[in-house]
Chemist: 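Just dropping this structure here.
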Amino acid sequence: MLEFAPSMTTAATPPGMIDITVDGRAVRVLAGTSVFDAARMNGINIPTLCHLQSQTPVGVCRLCVVDTGARVLSASCVRPVEPGMKVVTNSEKVLSARKTLLELMMSDHPSPCARQQNSGDCELETLAKAAGASPPRFAKRTVARGKDDSSLAIAVDHDACILCDRCIRGCDEIKSNFVLGRMGKGYSAGIAFDLNSPMGDSTCISCGECMVSCPTGALTNKSVVGTAIAVGPDAQGFEAEDLLQIPVFKGVSGTFLELNRGAIVKRRFRKGDVICREGEFGSTAFYILEGKAKVSISTPIAHVKTQGGAKGFFKRLTSTLVAREEDKREEETRDRTIPIDASVDLSYGNPVAELSPGDLFGEMTCMNFYPRSATVIAESDVVAFEMLRNVLDIMLKNKSFRAQLDQTYRRRALENHLRGVPMFADLSPDFIEHLKESVELQRFAPGQSIARQGDPADSFYLVRIGFVKISENYPGGEMVLAYLSRGDYFGEIGLLGGGVRTATCTALDHVELVRISGDDFRQMIERFPSVRKGLEAVAAERHAANQQRMQMVQNVPIEQFLSQGLMEAQSLLILDLENCTRCDACVNACADAHDGITRLVRDGLRFDQYLVATSCRQCRDPLCMVGCPVGSIRRRNSLEVIIEDWCIGCGLCAQNCPYGNINLHPFEVLVDDPERIGRKKAAIKQKATSCDLCTHLKEPSCVYACPHDAAHRVDPKTFFADMLGQGTAK
Amino acid sequence: MARTRTTKKLAQRIDLNYFKRSTPLKRAKFWLSLLLPLLALVWIAWRGFSGDHRVYSSGRMSEAHAILEKGCATCHVQQASAFSAKAADSACLACHDGPIHHASQTKSLECSACHMEHRGRVNIKAASNQSCAGCHADLKAASGRLRFATHIHSFEDGHPQFAALREGASDPGTMKINHAIHMKPIRQGPTGPIVNLECDNCHRPSAAPADLTYADSKYRAAAVSYKESEEFLPAHTETLTPPHPRTGRELMAPVKFANACASCHLLTFDKRFDEGVPHDKPEIVHAFLVKKFREYIAAHASEVRVMREPSRDLTGKPPPPEVRILTPAQWVVERTAEAEELLARKTCKQCHTFVPLEKSSRRKIEISSSQPGATGISSVQPELPDIAPANITLQWMPHAKFDHGAHTGFTCVSCHEKALTSTESSDVLLPGIATCQTCHAPGPDHAESRCFECHTYHDWSKRKEVKPTFTLPALRTGKGGN
Amino acid sequence: MRMDRTHRGWAFASLTILAISTVIYVFYALHSRQGPRGGSTIGLIFGVIGFAFMIFAALLGARKRVPTWRIGRAQDWMRGHLWLGFLALPLILFHGGFHFGGTLTRVLMLLLVITVLSGVFGAALQHYVPRVMTAEVPLETIYDEIDHVRSLLREEADRAVESVCGPVGLAKPSNAEVQRAGGFTALRTMAASAVPLRTSAAVSAGASAAVAAAPEIILLTEEESAPLRRFYLQEIRPFLEHPERHGQHLSDAQNAASAFAGLRTLLPAAAHATLDDLEDICDEARQLQRQSRLHRWLHGWLLLHIPLSLALILLGAIHAVMALRF
């Protein structure tokens, strides 16, 4: 027989309910309720970091410790209530424990973290301040866990992370994307996307859940250039709700849209309005909802051609572009289509195409900040979404949207692309159809490697968007063989040859590839021997070129030679300063050969007694080619870099060239007059120019015209060979 | 932030149109290249408009034509409707006559071939040796045979020895004169015991007054009956007359008896008289003798009684009777014959050459017997001697002019050194070409040796007179000619 | 151009021509009736050839105007110009038989002699000066752009000084001036957001450095920076503005070195980097000064050579015509 305390009998506890006292107040709650919740329900606030209402408590931050009268303090968020439990949430002991915890965490936290800087609402820091725990007494951690900038929408700062796991639970429980997880242990423990790949490359769809659930600045919303698009009469902003109504946005995280309000607007264009103009720099992509638009390159397809020296002085001051019929360049017809930043390609002869609802364009501009590659004019009244990078990014990651884009692509452009490859020209339609279905579209983030040298070759790729760097490793280091842009293809060498990748292929920026599986490829080359022949030829050619270039790199050059990047050069214009009388004949010759604009500058660094004049070096690693929005700068088989005539004058190549060898020049051209349709009017177009070795004159004019035997076009390797020999001997 | 120099940085400093900009250097170059040629053009044009063509002159005019310096058009006559305005011979012939050199010469040259104008202030008459050598270096004649050396390039190259001195040539003169003796001191003469003859006691240019130291006034006064043709050889016919008249000092005048010889070489004939016979033809002398003796016997009638003088016996003659009494006529005849024999044998023969008797033309002497008291006795008919003509050569070098006048200051014998040794009158005492060449040789420190120094090209004897066309003021102002 | 062994062929050829013509001349001079004359056949031939050489030499100028015409490599023309142009003189002397004739011909002869001599002089200069320039002016730039570059230097110096002393009250030139007309202006806006260059080559080529880095600011206190400020305003700036002026303390390398050394002792170590830059800048300015001087040597003589030769050709032609006329 046990005896009861008289007080206990005062009120009987209903079944399933439990009575406890929190800070001296009697509280009755359902059994199984956590102490934390119990307190909350009764308006007693227990501070916490790792705990969120919507998520299963894990009790990792321990900030919610309370005194339950047990031997040790316990984390209230995971401590279920027990009958008669006496909970104290703010005793001296508890507070000091919290304080210490906060201090420990603060010492592990870059203060102020990104979030604190932006919005000043980092939960940790607010608490710490409240508890007077900052600055902490403890030394800062030494090991840095680093940042991850790869995602367009979300910035990750592992140092700011307190391992509360809220993001992980958000990703798994709430969104059930199962991207986020934990990795590492000890100091280097942290959150990870997939198998610890950069967020941008991970399967993360940037729904933004993790970001919203993060208590600190570990996961923050990235502010992109022009976070908001100007809203005007023809462009209205959206509330997340309205957006979500639109089928395209099905499955996009509302929270995220919320966060990126203003990064997407709906625009109306009247008939004839210019949606975007080629060569401009933009940061938005367009998605057409209604109406049709005409996309075209207004830059006349014409050479910067010269009529030789027989021109008046004043004539020479102005340069003109001449229709391309006048002189065909060798292998120029290689490209029958001009790649542009849309799901269609423009045919060379008549660079005009039509965009219809469901088409997305301006992707490259938006993602990589390339200049607009073409002009888009509304043909009928057009309604389109204009969106910024981050929005586009989520959209692209949105499965339904993707699927739909892919559809359009397969439907409209894939054939072009396939046909664009010369040797695919005579594939039978049915096979194309087959391919259309069987190929898969792959996206790669900047820096992500597509195939590594030595890997088994299992597929053939066609570049759809972006730039792929093909490089080979040699003892000295990496040797760039080529940059492939839209319309180019690779992987055939591996497939035709030993079945091993001979080179490493890396995405330079946001790359989209059309992947033809090895089986399809084999099937194709069996069915169409012409294709095989063609491919084999190209493969052999490329292989030879690579070999030849590889063995160039064998000897070790002296420092200066290297530092001036002469190693990179295939052909240098050098002036022997002991002969040169600085008469500028070379410059005049160059100008004379190129309509009065010089493509060489008689200034630069010296090497030995030679002035390495500023004129295209035909680099092995032609940086200039990276990022050309219309792929008009490319390399001939003869390895010299030429700028094709549809250059739109964005000047990216000029900027990328490390040696200042490419310059933009104004040219007078005739373009369609917007006022009076059909009429032409003179306009000034910028076009990039670089040394073309005077191919139309057999020999570089500068060299030919040097009266003092000073100017020479040489291959640095052979020309400076002996000097380099000494260099290495030293 | 150490400063870095990279190709791109360097290149981007440069304005890509810099080479179209003009810099001071370029501007200067441009304008100068424009200005200077312009200047030149202006200069030429200005000269052209001012009608002064002297700028084109290829050199200054010769001394003779200095006056024409301005008047280009004087000679450079523009042919009608022709650009060329070369100076033709016609221009020269407007003022000058240039008779031809030889009738037989193969090519007739234009004036400028030898007389080049615009060669500076030179003597345009002085033709170069090459001008002559043009023909004479390889002489051809249009007709007839050549009488001259055919390969003469210049005085020192290919010029033959003077004709008078060549092999086998000798003095054609008949006067017997021994220069060696005359150049030595001579015992007893008219002026003193010892006589030292100077060349110019006998040899003087005709223009110079004769030296009369050894002259005899009586003889100089006396008129002579012999003719010049009997004294001198005739002058050469083909000699080219020089453009200017002779000064009379070029050549030596022939030596005259009266001027040079008479005072030593007395022509006495009989001790009864102290005067000599005149220096004249034998006939004149004969007449003179007869006259003299007649007068004498008339004055001394007693002289007809003649004593025999054994000292004057002549072998092979029958001794005459001791004393003969002659008629005066006989006496005169005898005395005359004696005197004539004396003269002929000694005095005349000393210098003159007699024509051998058989060659000589006999001459009869009529002794006028129209004497009172003359008996009809036929007397001896003597034959008079016949004296050969002197054949003195007046000019030794017919084709060249030599001017003794130009050579005064040299002692005669320094050139004619043979005169000191020559004993034969057949010796030619003319100095050889070598002597001339000691002074007349090419080179600055020598006398002129070009052809024209001695030779003339144009045959001035054939000169035609030219009618003058210019007026002095016209030439002065350069408007001459047209 | 440099007179190296590559000229052997030409030299030999022209010497041969010279020898031959001399022989011909001597023979002809001795045997002509009137002595050597321009008018005689041989004289005329000499004249024509000589004039032809002159014209060819003069054509070099024309050829330079049409550098792209494939009418023989420019350097071959140059060699021809040098040698044949030189030959013109003796040939013309032969033509005139060493007589200078009348006014026109005298003028011509004078022109020819001066032209040829100036040419020889120029050739000599262009033989030596380039080496001097190469040796003494390692930082040379394009002559026409020297002023521009100098203004850039001034700008840079200003910025360097202001990074230490704070504003020194010097007008900043407009941005446009600093930038070049290569059409780069279009790019400046998006330079920041350009495609990142993910390749080693870029670095090795110093491409990264190509985007000029602004000097980081190390401000000194008023009295600390006073010496630098004074020196800059009194010495460096004037020198950078008018390096050609006389009595410039910095125009002499030693002086400059010592001056900067002295300044270093006066300034705190923080400012030494800036000092080094300033010294560099002054040095570059000095070199540019030297370069422009040398450049004037290199090309100044042409001011004499070209105009004279043109006049020569012109008068020569006139002479030819007139000589044929009279």
Chemist: Measure distances from His76(B) to the heavy atoms of chain C and classify the residue's part below 4.5 Å as side chain, backbone, both or neither.
Modeler: side chain
Chemist: Check each atom of Leu108(C) against the heavy atoms of chain B and say whether the ones under 4.5 Å are side chain, backbone, both or neither.
Modeler: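 It is neither, since no heavy atom gets under 4.5 Å.
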Chemist: Show your working on side chain to side chain contact (heavy atoms under 4.5 Å, CB included) between Trp43(B) and Leu104(C) and close with a plain yes or no.
Modeler: CA-CA 10 Å; Trp43(B) 174 57; Leu104(C) 181 56; 4.0 Å; yes
Chemist: Less than 4.5 Å to any heavy atom of chain B: does that hold for the side chain of Leu312(C), its backbone, both, or neither?
Modeler: neither
Chemist: For Leu310(C), is it the side chain, the backbone, both, or neither that has a heavy atom closer than 4.5 Å to a heavy atom of chain B?
Modeler: both
Chemist: Is a side-chain donor or acceptor of Lys29(B) paired with a backbone partner of Pro307(C) at a separation under 3.5 angstrom?
Modeler: no
Chemist: Are Arg13(B) and Glu284(C) within salt-bridge range, i.e. N to O under 4.0 Å?
Modeler: yes
Chemist: Given heavy-atom pairs under 4.5 angstrom as the criterion, report whether the side chain, backbone, both or neither of Thr23(B) touches chain C.
Modeler: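 Looking at Thr23(B), just its side chain touches chain C.
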Chemist: In terms of heavy-atom proximity below 4.5 Å to chain B, should Leu315(C) be classed as side chain, backbone, both, or neither?
Modeler: side chain
Chemist: With side chain to side chain contact (heavy atoms under 4.5 Å, CB included) as the test, would you mind laying out the steps for Leu308(C) and Leu36(B) before giving the verdict?
Modeler: CA-CA 7 Å; Leu308(C) 281 186; Leu36(B) 230 67; 3.3 Å; yes
Chemist: Taking all heavy atoms of Pro37(B) and all of Ala311(C), pick out the closest pair and write down the distance.
Modeler: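 Pro37(B) and Ala311(C) have their closest heavy atoms at CG-N, 3.9 Å.
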Chemist: Need one label for Leu139(C): side chain, backbone, both or neither, based on atoms under 4.5 Å from any heavy atom in chain B.
Modeler: both
Chemist: Select one option (side chain, backbone, both, neither) describing which atoms of Leu324(C) are under 4.5 Å from chain B's heavy atoms.
Modeler: backbone
Chemist: With a 4.5 angstrom heavy-atom cut-off, is it the side chain or the backbone of His99(C) that approaches chain B, or both, or neither?
Modeler: side chain
Chemist: Roughly how far, to the nearest 0.5 Å, is the CG atom of Leu25(B) from the CZ atom of Arg296(C)?
Modeler: 8.5 Å
Chemist: Give, as side chain, backbone, both or neither, the part of Ser309(C) having an atom under 4.5 angstrom from any heavy atom of chain B.
Modeler: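 Interface part for Ser309(C): neither.
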Chemist: For Lys26(B), does the NZ atom have more than 12 heavy-atom neighbours from other residues, nucleotides or ligands under 6.0 Å away?
Modeler: yes
Chemist: What's the shortest heavy-atom distance between Pro36(C) and Arg119(B), and which atoms?
Modeler: O-NH2, 3.4 Å
Chemist: Is it true that atom CZ of Phe98(C) has more than 12 heavy atoms of other residues, nucleotides or ligands lying nearer than 6.0 Å?
Modeler: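 More than 12 heavy atoms, drawn from other residues, nucleotides or ligands, come within 6.0 Å of this atom.
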Chemist: Please flag which part of Val321(C) lies under 4.5 Å from any non-hydrogen atom of chain B: side chain, backbone, both or neither.
Modeler: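 Interface part for Val321(C): both.
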Chemist: May I ask you to name which of His31(C), His319(C), Arg37(C) has the most heavy-atom pairs under 4.5 Å with chain B?
Modeler: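 Heavy-atom pair counts peak at Arg37(C).
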Chemist: Chain B heavy atoms under 4.5 Å from Asp276(C): which part of the residue, side chain, backbone, both or neither?
Modeler: neither
Chemist: Below 4.5 Å from any heavy atom of chain C, which atoms of Ile44(B) appear? Answer side chain, backbone, both or neither.
Modeler: side chain
Chemist: Measure the CD1-CG distance between Ile14(B) and Asp144(C) for me, rounded to the nearest 0.5 Å.
Modeler: 9.0 Å
